[in-house]
J.: 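Sending over a structure as structure tokens; questions will come in a sec.
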Amino acid sequence: MARTLITSAIPYINGIKHLGNLVGSQLPADLHARFLRLSGHEVMFICATDEHGTPAELAALEAGEPVAQYCARMHKVQRELAKGFRLSFDYFGRSSSARNRDLTQHFAGRLADNGHLYEVTEQQIYSRHEQRFLPDRYVTGECPNCGYERARGDQCENCTKQLDPSDLINPRSQISGSSDLEMRRTKHLYLRQSKFIDRLDSWIDSQSDWPTLTVSIAKKWLHDGGGLQDRGITRDLVWGVPVQRGRQSWPGMEDKVFYVWFDAPIEYIAATAEWADANDRPDADWLRWWKTDEGAKDVRYVQFMGKDNVPFHTLSFPVTIMGSGEQWKLVDFIKSFNFLNYEGGQFSTSQKRGIFMDQALDTLPSDYWRWWLLSHAPEYSDSEFTWSSFVDGVNSDLANVLGNFISRVCRFCVRRFGSRVPEQGNWTDIEHDFTNRIQAHINDLASLMYAMEVRKSAQQLRKTWALGNEYIQLTAPWAAIRSDQERAATIISYALNLASIFSTISSPFIPDASARLRRSLHLENTPSWPTSIPDALRQLQPGAELSDPGVLFAKLTEKQCDQWKREFAGTR
RNA sequence: GGGCCUGUAGCUCAACGGUCAGAGCAGAGCGCUCAUAACGCUUUGGUUGGGGGUUCGAAUCCCUCCAGGCCUACCA
């Protein structure tokens, strides 16, 4: 059996994610995981919260909570929202877990043993008032270049000049406003990424099928300027994985933690271990997904992420893996996404602009969002959410094409055949023709789904749904039943079987509606992807009960659309 | 500043060197009345951002200009 390991970029802990975040990794990853499971693949689908780093500390501070407590609370919130959107993770872990601590320290130890780490003593801004070191961007002051007063320590937003915090005139802490700052010496560990340029280069070159976006970002980092630079992997923070060399302490590195981008991707591995722990399974059960020398040779590993995450997944994390000298699985395919915009601007977490996951679920069931977002996924360029487009898409695709097909067939059956699947007689040329067309459509759909062509898959699925209405229109059972009861029975049975097929092939996009439809057809909710459509069209037993599923998707009104436009116009 | 990406019908997007540049939505006409006033059929919309070049042939390759987006390594 084919095995696929799927990871979605892990969402940061400091708040509720917006729909742009959702469509950029977790949702398409879920689509792929659901499709592969339907197709009989063994799937391990992993996600987690990314909990370390300065923004988490600051968010906790703002919330007036200890950071560990804040993260635990926000993890639960994000986990519940993921459930609300029906994201079918096998495990939703935490980068603050003991498993990730141990693995992160293990990797650091291996890298050190293999000579890939070195110590650098450098000057860093320290705030005496807050008793903490400040990351460059948390220092603000006057730009020496253009005089802009709120320039950040890493770059001036006004003139875009790259800065060093020591360049700033009248520097102060962005966090407290305090100007009681000084330069302090501090020692950090650097990862020799530069040593891996050639290896990374040939590895990336060997990936002939990666998306342009993924490859071009990786290549730019690899070769621009002086080429890939070494990167500091430790920070002077409290909240994070304590710096250790495996199980050993690291002299001179006490009170330091690993950089969040060092431990975050390791959490993909750690979360799989957390999955094993949570299910009382031995280590071998998670290692067989990750170690090629412990059973993972046949695993295909696919990552989903937004384009901002690409450098860490194509370069830094692979260096961690390669540098360990151990047989950890490298990624086989990276599916990266552009950004989703909102009503002519950007979705923004910091400005709280757009629609956030909790608000979305309070407004409409998850299937509505899943369908629109996936059918408009920003695959090849940024794409745009507007309420009008959302309402049009939902009404046209879900209510009119799919929902109405289900409704007209089921209700006809309930009224004319007493809520039982009628006998399916011989097919005419019409049925033979439609069966061929349906088969071709579903074959194409399967190819697109396997290739992770998200928008095209949605388009193809919609085309397949439309065949249902075309069939009903052409065969006109309401006319047939007046003169030929048996013919009408055949038509309705054929259409009901088609509805059953739809419930299966649509389930990766709209799992709830699919399950509801299966309940009305009294089918078990463990479908598998149909390979022989002629057989699938004779699945339902004549005489089997069925019930009216009701309205699967309510049409959205212009009034609602206007209201939402107003409601979500400002910031939350 | 440098790099990458995008610009195609009113809207959202396909086509990535080769039959009249396609699809959905919106618009128009016809049909149907089982159904969520839904559905089906037909149909109107494009000098492919501007200009130049390469080629037998360009939306597609090259140059240039214009517009938008993203990244630029201590936010994640």
Side-chain angles (χ1 to χ4, degrees), chain A residues 9-14 50 52-56 58 122 124-125 133-139 152-155 159-162 164-165 174 188 193 212-213 215-217 219-221 223-225 228-232 235-236 259-261 264 306-312 315-316 338-339 341 346 349-350 375-376 378-384 386 388-389 392-393 395-413 415-416 455-456 458-460 462-463 466 468-481 488 491-492 495 550-555:
Chain A
I10 63 180
Y12 199 65
I13 194 73
N14 67 341
D50 178 13
H52 295 138
T54 311
L58 297 181
E122 54 197 7
Q124 194 85 44
I125 295 263
F133 283 93
L134 296 176
D136 292 357
R137 74 158 37 201
Y138 288 102
V139 185
R152 290 194 321 227
D154 54 345
Q155 184 175 39
C159 67
T160 73
K161 188 180 165 61
Q162 306 258 339
D164 189 272
Q174 167 75 31
H188 284 296
Q193 301 192 128
T212 316
L213 185 66
V215 173
S216 62
I217 293 174
K219 285 284 184 175
K220 145 114 173 117
W221 279 59
H223 298 302
D224 253 39
L228 184 63
Q229 301 294 302
D230 295 344
R231 184 182 271 267
R235 293 289 183 274
D236 290 294
Y259 174 41
V260 56
W261 262 118
K307 58 184 168 184
D308 51 335
N309 275 300
V310 167
F312 303 98
L315 307 169
S316 318
N338 290 279
F339 292 142
N341 291 320
Q346 294 178 355
T349 305
S350 55
S375 60
H376 293 78
E379 273 175 301
Y380 299 104
S381 64
D382 292 352
S383 66
E384 167 112 352
T386 64
S388 328
S389 164
D392 282 354
N395 285 346
S396 168
D397 301 343
L398 296 181
N400 295 349
V401 176
L402 176 63
N404 184 51
F405 168 70
I406 301 300
S407 183
R408 67 201 297 201
V409 172
C410 289
R411 289 194 178 179
F412 192 93
C413 181
R415 279 181 33 208
R416 300 306 192 102
R455 292 177 89 124
K456 286 178 188 167
Q459 225 171 56
Q460 183 67 17
R462 195 204 124 97
K463 274 189 192 170
N469 285 314
E470 210 182 307
Y471 173 74
I472 290 294
Q473 203 65 37
L474 190 64
T475 52
W478 55 88
I481 201 160
I491 293 165
I492 290 303
V551 172
L552 281 182
F553 296 99
K555 286 190 83 161

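Below, chains carry the letters A, B, ... as their sequence lines are ordered, and counting in each starts from 1. Here the structure is a predicted model, which means the values were calculated and not measured. Every heavy atom of this structure was used, including side-chain atoms; hydrogens, water molecules and symmetry mates were not.
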J.: For A/Ser407 and A/Phe312, take the nucleotide of RNA chain B holding the closest heavy atom to each; which residue's nucleotide lies nearer the 5' end?
T.: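 Checking each residue's closest nucleotide, the 5'-ward one belongs to A/Ser407.
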J.: On a whole-Å scale, what distance lies between the C1' atoms belonging to B/A38 and B/G50?
T.: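 Roughly 45 Å separates the two C1' atoms.
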J.: Would you mind telling me which of B/G69, B/C74, B/C25 lies closest to the side-chain atoms of A/Arg235?
T.: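 It is B/C74.
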J.: For the atom pair SG (A/Cys413) and CD1 (A/Ile491), what is the distance rounded to the nearest 0.5 Å?
T.: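 Reported to 0.5 Å precision, the distance equals 12.5 Å.
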J.: Answer with base, sugar-phosphate or nothing: what part of the nucleic acid does A/Gly403 contact at a heavy-atom distance below 4.0 Å?
T.: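 It contacts base atoms.
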J.: Name the pairing partner of B/G27, where a pair is Watson-Crick or G-U wobble with both distances under 3.5 Å, or state none.
T.: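 Across any shown strand, B/G27 pairs with B/U43.
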J.: Please classify the nucleic acid contact of A/Asn395 as base, sugar-phosphate, or nothing, using heavy-atom distances under 4.0 Å.
T.: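 Result for A/Asn395 = nothing.
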J.: According to a strict under-4.0 Å criterion, is A/Lys456 in side-chain N/O contact with OP1 or OP2 of B/A15?
T.: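 Looking at the OP1 and OP2 atoms of B/A15, one of them is under 4.0 Å from a side-chain N or O of A/Lys456.
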J.: Describe the nucleic acid contact of A/Leu552 in one word from base, sugar-phosphate, nothing, applying a heavy-atom distance below 4.0 Å.
T.: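 Here A/Leu552 touches the bases of the nucleic acid.
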J.: Between the side chains of A/Lys307 and A/Asn338, is a donor N or O closer than 3.5 angstrom to an acceptor N or O?
T.: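 Distance-only check passes for A/Lys307 and A/Asn338.
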J.: Hey, does A/Trp261 have a side-chain heavy atom less than 4.5 Å from the side chain of A/Asn309?
T.: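 SC-SC contact between A/Asn309 and A/Trp261 confirmed.
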J.: Within the stacking criterion (centroid distance below 5.5 Å, interplanar angle below 30°), does A/Phe412 stack on B/C34?
T.: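 No, aromatic ring not over the base.
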J.: Which part of the nucleic acid, if any, lies within contact of A/Arg416, taking any heavy atom under 4.0 Å across all strands shown: a base, the sugar-phosphate backbone alone, or nothing?
T.: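 It contacts nothing in the nucleic acid.
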J.: Under 4.0 Å, counting only non-hydrogen atoms across every strand here, what does A/Glu122 touch: a base, just sugar-phosphate, or nothing?
T.: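 A/Glu122: base contact, heavy atoms under 4.0 Å.
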J.: Counting C-beta onward and ignoring hydrogens, is there a side-chain heavy-atom pair between A/Gln459 and A/Ser375 closer than 4.5 Å?
T.: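 No, side chains not in contact.
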J.: Kindly say if A/Tyr259 contacts the phosphate of B/A76, meaning a side-chain N or O under 4.0 Å from OP1 or OP2.
T.: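 Yes, such a contact exists.
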J.: According to a strict under-4.0 Å criterion, is A/Arg152 in side-chain N/O contact with OP1 or OP2 of B/C75?
T.: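 Negative; the distance criterion is not met.
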J.: Which whole-number value in Å describes the distance from A/Gln193 CD to B/A73 C1'?
T.: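 Those two atoms, CD and C1', are 9 Å apart.
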J.: According to the Watson-Crick and G-U wobble definitions, with both distances under 3.5 Å, which nucleotide is paired to B/C32?
T.: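 B/C32 is paired with nothing.
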J.: Are any of A/Arg231's side-chain N or O atoms less than 4.0 Å away from OP1 or OP2 of B/A73?
T.: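 Result: no.
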J.: Say whether, by atom type as modelled, one donor and one acceptor occur between the side chain of A/Glu384 and the main chain of A/Asn341 under 3.5 angstrom.
T.: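 Checking the backbone N and O of A/Asn341 against the side chain of A/Glu384, no donor-acceptor pair under 3.5 Å is found.
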J.: Tell me what A/Ser383 touches on the nucleic acid: a base, only sugar-phosphate, or nothing, going by heavy atoms under 4.0 Å.
T.: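 Contact class for A/Ser383: sugar-phosphate only.
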J.: Using a distance-only test with no angle check, is there a side-chain donor-acceptor pair under 3.5 angstrom linking A/Gln473 and A/Arg408?
T.: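 Checked: A/Gln473/A/Arg408 side chains pair up, N/O donor to acceptor below 3.5 Å.
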J.: Quick check: does any side chain N or O of A/Asp382 sit under 3.5 Å from a backbone N or O of A/Phe339, one acting as donor and the other as acceptor?
T.: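 At least one qualifying donor-acceptor pair exists.
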J.: Using only atom types and a distance under 3.5 Å, with no angle test, would you say the side chain of A/Tyr12 pairs donor to acceptor with the backbone of A/His52?
T.: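 At least one qualifying donor-acceptor pair exists.
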J.: Applying a 3.5 Å limit to both distances, which nucleotide forms a Watson-Crick or G-U wobble pair with B/A67?
T.: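 Check on B/A67: paired to B/U6, both distances under 3.5 Å.
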J.: Hey, are the side chains of A/Tyr259 and A/His188 touching, using non-hydrogen atoms and a 4.5 Å cut-off?
T.: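 The answer is no, as the side chains (C-beta and beyond) never meet within the 4.5 Å cut-off.
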J.: Quick one: classify the glycosidic conformation of B/G22 as syn or anti, with syn meaning within 90° of 0.
T.: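 With its glycosidic angle more than 90° from zero, B/G22 counts as anti.
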J.: Using a cut-off of under 3.5 Å, enumerate the N/O to N/O pairs linking the protein to nucleotides 4-10 of chain B.
T.:
unit_1, atom_1, unit_2, atom_2, d
B/C4, O2', A/Ser216, OG, 3.4

J.: Who is the Watson-Crick or G-U wobble partner of B/G18, with both distances under 3.5 Å?
T.: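 For B/G18, the partner nucleotide comes out as B/C56, under the 3.5 Å rule.
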J.: Report yes if the side chains of A/Phe553 and A/Asn400 come closer than 4.5 Å at any heavy-atom pair, otherwise no.
T.: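 Sidechains of A/Asn400 and A/Phe553: no contact.
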J.: Which is true for A/Val551 with a 4.0 Å heavy-atom rule: it touches a base, it touches only sugar-phosphate, or it touches nothing?
T.: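 Base, at least one base heavy atom under 4.0 Å.
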J.: When every nucleotide of nucleotides 37-44 of chain B is labelled 5' to 3' by its protein contacts under 4.0 Å (heavy atoms), B for base, S for sugar-phosphate only, - for none, what sequence of letters results?
T.: -SBSS---
J.: Check every strand shown and say whether A/Pro477 touches a base, only sugar-phosphate, or nothing at a heavy-atom separation below 4.0 Å.
T.: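 Contact class for A/Pro477: none.
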J.: Tell me yes or no: between the side chains of A/Arg462 and A/Ser396, is some donor less than 3.5 Å from an acceptor?
T.: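 Yes, a side-chain donor-acceptor pair sits under 3.5 Å.
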J.: RNA chain B: A/Ile472 or A/Arg455, which has the more 5' nearest nucleotide?
T.: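 The 5'-side residue here is A/Arg455.
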